[in-house]
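Quick one: the structure is below, and I'll ask about it shortly.
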Amino acid sequence: MVLYLARRLSTSLWPYISSYRIYSYFIVVAASAGVIYDWVLTFGQEIELVWRQRWSLITVLFLSVRYLGISYTVLMVLLSIPTISTTDACCFILYTAVYCIVIVVNVMLDMIIITRLYAMYQRSRKVLIPLVVIFLAASIFVAVAVPITIRNVSGEEVILSGTYVCTLDTEGDYLLLISITWILGFVWEVLALFLAIWIAVKHFRELRQHSAGGIISDCFTVLMKTHVVYFASVVGLSTLGLGSFFSTILVDPYSLRTQIYSGLLEIFRFVQMFVLGPRLILSVREYHAKLVANSDAATGMASIAFQERVHVSTSSSV
């Protein structure tokens with residue numbers, strides 16, 4: 001049912017209308033424009049480093065994350081722009097689609113991280129097997145939680161003095177399941193960051209001891225730069241996400257503070273998944289392409305650049 005509150009609208013809702021417009025135009029639309037701008041900016045690299053290269057699992061993951069991200073931005077704009085009218089059913093479908101895209105993209109990003117760590121640990125099964133087990137356990141929980149969460153949600157379009165707002169009504173264990181999902185994701189990302197830092201520190205210590213360096217050292221530098229920036233965004237996103245569930249200062253959904261907080265959460269989500277996520281692959285492939293153009297020594301980089309076949313010796317043991 002669409003509710004229409006005309007000029008007699010209670011003055012208590014005007015702050016919500018104002019803050020929702022700020023959230024929609026200046027945050028969601030700005031974040032969506034940023035994702036599209038990054039896609040346009042790196043499209044040439046995408047053609048050269050992805051489409052024209054031999055296809056692999058990493059290629060499929062990259063393209064899936066990239067173009068699901070563009071779909072996500074379009075859906076968020078349709079969902080958030082206060083001048084676009086929808087129906088209750090459309091609100092529910094849009095929310096469900098957005099939620100599922102976030103879940104699927106995060107699973108794909110986790111697969112990319114596992115592949116990178118597997119390459120950094122010189123294809124060690126001692127690292128791969130625990131990572132895969134933890135990843136599968138978390139993924140199974142999410143796969144079970146998603147349909148339960150969707151069943152506990154209903155969408156409704158509310159028209160507040162000409163402002164169209166898609167709202168969600170939740171019940172049951174919705175907040176509990178979402179909170180557990182956020183916590184599992186945060187723990188996973190912290191574990192992945194720890195493993196990346198551990199092997200990097202170990203690698204650079206061995207390079208100093210043996211006076212080695214060169215291409216492999218530069219490779220790890222590239223990998224760690226993208227890791228650090230990516231995980232910094234993940235920490236910010238996870239902190240804001242958990243804070244939205246447990247913070248007492250966000251109890252008023254109509255407040256400007258709550259809307260700004262939600263907007264910042266969306267910005268971190270956009271950047272982490274659809275800008276920094278694809279750049280995890282582009283940055284390494286770009287480095288490899290430069291080596292190919294400048295030196296025959298680029299073969300030493302192939303394993304980590306494409307994370308598939310050639311073994312790169314990073315240490316004497318794992």
(request) Keeping the roles fixed (side chain from Asp38, backbone from Gly34), state whether a donor-acceptor pair exists under 3.5 Å. (result)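 Looks like no, no N/O pair under 3.5 Å.
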(message) Would you say that Thr59 contacts Trp51 through its side chain, given a criterion of any heavy-atom pair below 4.5 Å between the two side chains?
(response)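 Of all side-chain heavy-atom pairs linking Trp51 with Thr59, none is under 4.5 Å.
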(message) Tell me the closest heavy-atom pair linking Thr73 and Ser32, and the distance in Å.
(response)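 Distance-wise, the nearest heavy atoms are O-OG, 3.7 Å.
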(request) Look at the side chain of Tyr121 and the backbone N and O of Leu195, then say whether any donor-acceptor pair between them is shorter than 3.5 Å. (result)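 It does hold such a pair.
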(message) Any heavy-atom pair between the side chains of Arg116 and Ile281 that's under 4.5 Å?
(response)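 The answer is no; the side chains never approach within 4.5 Å.
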(message) Count I, L, V, M, F, W, Y as connected when their side-chain heavy atoms are under 4.5 Å apart, and connections chain through other members. Are Val35 and Leu41 then in the same cluster?
(response)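 Different hydrophobic clusters.
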(message) Quick check on the hydrophobic clustering: are Ile47 and Leu282 connected, directly or via other members, by side-chain heavy-atom contacts under 4.5 Å?
(response)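 Linked within one cluster.
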(message) Could you walk me through whether Tyr99 and Tyr95 satisfy the side chain to side chain contact (heavy atoms under 4.5 Å, CB included) test, starting with their C-alpha distance in whole Å, then the side-chain angles of each, then the deciding distance to 0.1 Å, before giving a yes or no?
(response) CA-CA 6 Å; Tyr99 178 58; Tyr95 269 116; over 6 Å; no
(message) To the nearest 0.5 Å, what is the distance between CG on Leu68 and CD1 on Ile101?
(response)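 Result: 5.5 Å between the selected atoms.
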(message) Measuring from atom CE of Met273 to atom CZ of Phe268, what distance do you get when rounded to the nearest 0.5 angstrom?
(response)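 CZ of Phe268 is found 13.5 Å from CE of Met273.
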(request) Determine whether Phe270 and Val275 make a side-chain contact, defined as any pair of heavy atoms from C-beta on separated by less than 4.5 Å. (result)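 Result no, sub-4.5 Å side-chain heavy-atom pair not found.
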(request) Find out whether Phe92 and Ile150 are in side-chain contact, i.e. whether some heavy atom of one side chain is under 4.5 Å from a heavy atom of the other. (result)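 Heavy-atom side-chain distance check passes, below 4.5 Å.
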(request) Flag the pair Thr96 / Cys100 as yes when at least one side-chain heavy-atom distance between them is below 4.5 Å, and no otherwise. (result)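 Of all side-chain heavy-atom pairs linking Cys100 with Thr96, at least one is under 4.5 Å.
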(message) Within the structure provided, determine whether Leu63 and Trp55 are in side-chain contact (heavy-atom separation under 4.5 Å).
(response)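 With C-beta onward as the side chain, the pair touches.
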(message) Can you confirm whether Tyr37 is buried at OH, in the sense that more than 12 heavy atoms of other residues, nucleotides or ligands lie under 6.0 Å from that atom?
(response)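 Count not over threshold, so no.
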(request) Identify the two heavy atoms, one from Ser64 and one from Val60, that lie closest to each other, and give their separation to 0.1 Å. (result)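 Shortest heavy-atom contact: OG-O, 2.7 Å.
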(request) Take Arg66 and Phe274, measure what side chain to side chain contact (heavy atoms under 4.5 Å, CB included) needs, and give me the verdict at the end. (result) CA-CA 6 Å; Arg66 182 74 129 183; Phe274 308 126; over 6 Å; no
(request) Identify the heavy atoms of Arg125 and Pro130 that sit nearest to each other, and give their distance. (result)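 Here Arg125 and Pro130 meet closest at O-CD, 3.9 Å.
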(request) Quick one: pull up CG in Leu109 and CG in Leu276 and give me the separation to the nearest 0.5 Å. (result)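 Rounded to the nearest 0.5 Å, the CG-CG separation comes to 10.0 Å.
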(request) With the side chain counted from C-beta on, respond yes when Gln122 and Val127 share a heavy-atom pair under 4.5 Å apart, and no when they do not. (result)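 When only atoms from C-beta onward are counted, Val127 and Gln122 do not touch, as no gap falls below 4.5 Å.
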(message) If I take atom SG from residue Cys90 and atom CG from residue Leu94, how far apart are they, to the nearest 0.5 angstrom?
(response)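 One gets 6.5 Å once the value is rounded to the nearest 0.5 Å.
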(request) Quick one: pull up CZ in Phe135 and CE in Met111 and give me the separation to the nearest 0.5 Å. (result)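 The CE atom of Met111 is 5.5 Å from CZ of Phe135, to the nearest 0.5 Å.
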(message) Side-chain heavy atoms nearer than 4.5 Å, only ILVMFWY residues, links allowed to pass through others: does that put Val40 and Phe43 together?
(response)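 They do share one cluster, since a chain of ILVMFWY contacts under 4.5 Å joins Val40 to Phe43.
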(message) If we ignore hydrogens and angles and just use 3.5 Å, is the side chain of Gln53 paired with the main-chain N or O of Glu48 as donor and acceptor?
(response)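 Yes; at least one donor-acceptor contact below 3.5 Å.
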(request) Evaluate the ring planes of Trp39 and Tyr67, with Trp represented by its six-membered ring, and classify them as parallel (under 30°), tilted (30 to 60°) or perpendicular (over 60°). (result)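 Plane angle over 60°, so perpendicular.
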(request) Could you tell me the separation between the CD1 atom of Ile140 and the CG atom of Leu136, rounded to the nearest 0.5 Å? (result)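 Spacing of CD1 (Ile140) from CG (Leu136) equals 6.0 Å.
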(message) Is there a path of hydrophobic side-chain contacts, each under 4.5 Å between heavy atoms of I/L/V/M/F/W/Y residues, joining Val133 to Phe141?
(response)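 No, Phe141 does not connect to Val133 through the hydrophobic network.
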(message) For a 4.5 angstrom cut-off between non-hydrogen side-chain atoms, does Ile113 reach Leu280?
(response)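 In short, these two side chains touch, coming nearer than 4.5 Å.
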(request) Kindly indicate, with the supporting measurements, whether the criterion side chain to side chain contact (heavy atoms under 4.5 Å, CB included) is fulfilled by Arg269 and Tyr72. (result) CA-CA 11 Å; Arg269 179 180 286 121; Tyr72 181 89; 3.2 Å; yes
